[in-house]
Amino acid sequence: KISFSFGANGFRKGLVVFQFILSVLLIIGSFAIRYQVNFIGTKNLGLDKENVLYFRTPPEALDRLETFKSELSRISGIKELTFTNGNPLSVGTQISDLIWDGMIPNEELIFNVLVGDYNLLSTLNIPRSAGRDFSNDLSIDTAGFIINQTAAQLMKLEDPLGTTLKMGNTSGPIVGVVKDFHIASLHESIGPLIIANMPERTRLTMLKISPGQARDVIEPVGEVFNRFSGGFPFRYDFLDDRYMQMYRSELQIGKLSIWFAGIALIISCLGLLGLTAFVVEQKVKEISIRKVLGATVTGVVAMLTGEFIKWVLLALLLGLPLGWYLTNGWLKTFAYRVNLSWWIFVLAGVISIAVALLTVGILSTKAALSS
């Protein structure tokens with residue numbers, strides 16, 4: 001019977017420790033996820049994604065891009081517009097047969113390709129590190145290329161300007177180098193990028209809109225679209241919204257983790273409450289004797305609280321390192337991430353201890369006063 005009682009009591013304490021470990025893990029996880037999500041939303045991507053509306057270029061406009069562009073440019077609130085073959089923050093086109101002067105023979109390298117027009121860099125405010133932008137006044141730029149800094153390093157070009165590139169059947173010089181900007185999710189490192197000036201191969205229209213007028217231009221843009229649509233519906237999106245949709249799972253996990261952390265804390269409190277009630281019931285006579293011998297209510301509460309806080313401290317001792325290991329492992333799935341700050345672990349410990357003290361303190365005080 002004594003052995004059974006000891007085992008049952010040990011099981012109760014072990015369950016409380018496990019529950020608090022789970023709570024600590026969820027608290028640390030929720031803070032780390034929200035910290036990373038906030039980093040994602042505020043990180044400088046190397047281009048201006050704000051107030052950029054884009055949509056698929058209507059079929060009848062593909063052969064009359066200048067006319068389509070001219071009609072859109074008349075709409076008040078549109079600062080600039082450009083045509084591309086895809087979302088510049090999620091470049092999906094890649095090639096491996098790029099040829100350039102001075103390349104190592106038979107070297108197989110993969111490059112990302114973004115096709116645009118003369119206004120691509122200015123519309124998205126992509127800064128250059130060398131050279132110039134495409135110019136509509138220079139016939140050489142009809143087959144010109146701009147590369148990013150990563151591509152220049154991969155191609156081992158100290159001075160890439162003027163180097164001739166051949167991409168498929170198109171051959172032309174490198175006229176500029178842009179600073180690296182993110183062309184994929186922050187899970188991935190910035191890859192080598194080739195920007196080709198080929199408006200005829202684009203399929204998206206991107207509009208840079210004056211701040212505060214984004215919603216005002218949708219209706220007139222839709223009217224212009226419908227004149228070239230051939231019956232296709234006008235569907236649009238904003239570049240910054242699409243960017244955050246890339247992290248939809250992280251946003252959902254962040255919201256759920258907060259709820260789960262709260263639920264886990266409640267369950268842990270209930271477990272600790274039950275264990276406290278059980279122990280207090282067993283120590284009623286001891287508490288009464290201590291009070292007769294002169295023990296104060298504060299002393300009795302401190303005695304009972306100290307007995308339980310050590311189990312919470314054990315949970316922290318086990319949970320904090322495990323929380324660091326798990327959250328650090330999750331953050332490593334991002335090529336660009338925050339560093340885990342010490343305050344996350346301190347806050348998780350403070351919350352756990354505060355909740356435990358409040359839970360145990362209420363029952364302990366009640367027992368000390370009534371005995």
Side-chain angles (χ1 to χ4, degrees), residues 41 45-93 112-127 133-139 141-144 146 178 181-185 193 195-248 251:
L45 302 177
L47 56 73
D48 187 2
K49 68 181 187 303
E50 306 298 327
N51 300 306
V52 177
L53 181 148
Y54 72 96
F55 52 87
R56 183 176 289 275
T57 306
E60 294 182 10
L62 292 174
D63 297 327
R64 295 187 293 160
L65 284 180
E66 287 303 318
T67 303
F68 183 59
K69 179 179 180 179
S70 177
E71 295 202 23
L72 287 174
S73 299
R74 296 194 188 101
I75 299 174
S76 176
I78 295 180
K79 297 171 64 177
E80 288 194 71
L81 67 89
T82 187
F83 301 104
T84 74
N85 69 327
N87 184 343
L89 292 177
S90 182
V91 177
T93 304
N112 301 281
V113 178
L114 179 63
V115 176
D117 66 351
Y118 297 98
N119 301 317
L120 178 61
L121 301 190
S122 59
T123 301
L124 298 177
N125 196 24
I126 300 173
D133 197 353
F134 294 127
S135 174
N136 200 18
D137 299 326
L138 299 174
S139 59
D141 282 1
T142 56
I146 294 175
V178 295
F181 63 92
H182 288 273
I183 58 176
S185 162
L193 176 69
I195 300 176
N197 182 28
M198 301 175 182
E200 69 282 358
R201 297 188 185 181
T202 62
R203 59 187 181 89
L204 292 182
T205 302
M206 289 194 163
L207 311 177
K208 182 65 177 179
I209 302 169
S210 300
Q213 299 187 42
R215 299 298 172 184
D216 298 333
V217 305
I218 292 176
E219 184 176 347
V221 168
E223 292 174 356
V224 173
F225 179 94
N226 290 332
R227 292 201 291 270
F228 293 83
S229 67
F232 283 85
F234 176 52
R235 297 193 179 101
Y236 64 89
D237 208 339
F238 287 92
L239 192 59
D240 53 350
D241 291 341
R242 177 60 66 179
Y243 169 71
M244 291 309 298
Q245 288 176 18
M246 294 166 62
Y247 307 96
R248 191 164 37 198
L251 291 169

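Count residues from 1 along the sequence. Just so you know, these numbers come straight off a predicted model, no measurement behind them.
Here the CG-CD1 distance, from Leu124 to Ile126, works out to 5.0 Å after rounding to the nearest 0.5 Å. With values rounded to the nearest 0.5 angstrom, Ser90 atom OG is found 11.0 Å from Leu114 atom CG. Between Ile183 atom CD1 and Asn87 atom CG the span is 11.5 Å, to the nearest 0.5 Å. For the atom pair CZ of Phe83 and OG1 of Thr123, the computed distance is 9.5 Å after rounding to the nearest 0.5 Å. Taking NZ of Lys49 as the start and CG of Asp240 as the end, the distance is 6.5 Å to the nearest 0.5 Å. Between Thr82 atom OG1 and Asp117 atom CG the span is 3.5 Å, to the nearest 0.5 Å.
Contact check for Leu207 versus Val217: no side-chain heavy atoms found under the 4.5 Å cut-off. The side-chain heavy atoms of Leu89 and Leu45, taken from C-beta on, include a pair separated by under 4.5 Å. Within the 4.5 Å cutoff, the side chain of Asp133 has no heavy atoms near those of the Leu120 side chain.
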Pairs under 3.5 angstrom only: tabulate donor-acceptor contacts from the side chains of residues 70-77 to other protein residues two or more places apart or in another chain.
from: Glu71; atom 1: OE1; to: Arg227; atom 2: NE; distance (Å): 3.3
from: Glu71; atom 1: OE1; to: Arg227; atom 2: NH2; distance (Å): 2.5
from: Ser73; atom 1: OG; to: Lys69; atom 2: O; distance (Å): 2.7

For residues 56-64, dump all side-chain donor-acceptor pairs below 3.5 Å to protein atoms at least two apart in sequence or in another chain.
from: Thr57; atom 1: OG1; to: Arg203; atom 2: O; distance (Å): 3.4
from: Thr57; atom 1: OG1; to: Thr205; atom 2: N; distance (Å): 3.4
from: Thr57; atom 1: OG1; to: Thr205; atom 2: OG1; distance (Å): 2.7

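Under the 30°/60° scheme for interplanar angles, the aromatic rings of Phe225 and Phe234 are found to be tilted.
Scored by the side chain to side chain contact (heavy atoms under 4.5 Å, CB included) test, Arg215 finds Ile218, Tyr236, Phe238 as partners (sequence neighbours excluded). Residues satisfying the side chain to side chain contact (heavy atoms under 4.5 Å, CB included) criterion with Ser210, sequence neighbours excluded, are Lys79, Gln213. Partners of Asn119 according to the side chain to side chain donor-acceptor pair (under 3.5 Å) rule, which considers only residues two or more places apart in sequence or in another chain, do not exist here. With sequence neighbours excluded, the residues forming a side chain to side chain donor-acceptor pair (under 3.5 Å) with Lys208 are Asp48, listed by chain and number.
Pro88 and Met206 make their closest contact through CD-CE, 3.2 Å (heavy atoms, listed as atom of the first residue, atom of the second, distance). Of all heavy-atom pairs between Asn125 and Pro127, the closest is O-CD, 3.4 Å. Contact record, Phe55 with Val221: CE2-CG1, 3.6 Å, taken as the closest heavy-atom pair.
With hydrogens and angles ignored, the 3.5 Å screen pairs a side-chain donor or acceptor of Thr84 with a backbone N or O of Gly86.
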Pair Arg242-Gln245, side chain to side chain donor-acceptor pair (under 3.5 Å): steps then yes or no: CA-CA 5 Å; Arg242 177 60 66 179; Gln245 288 176 18; 3.1 Å; yes

Asn85/Arg201 under side chain to side chain contact (heavy atoms under 4.5 Å, CB included): CA gap, chis, key distance, verdict: CA-CA 7 Å; Asn85 69 327; Arg201 297 188 185 181; 6.0 Å; no

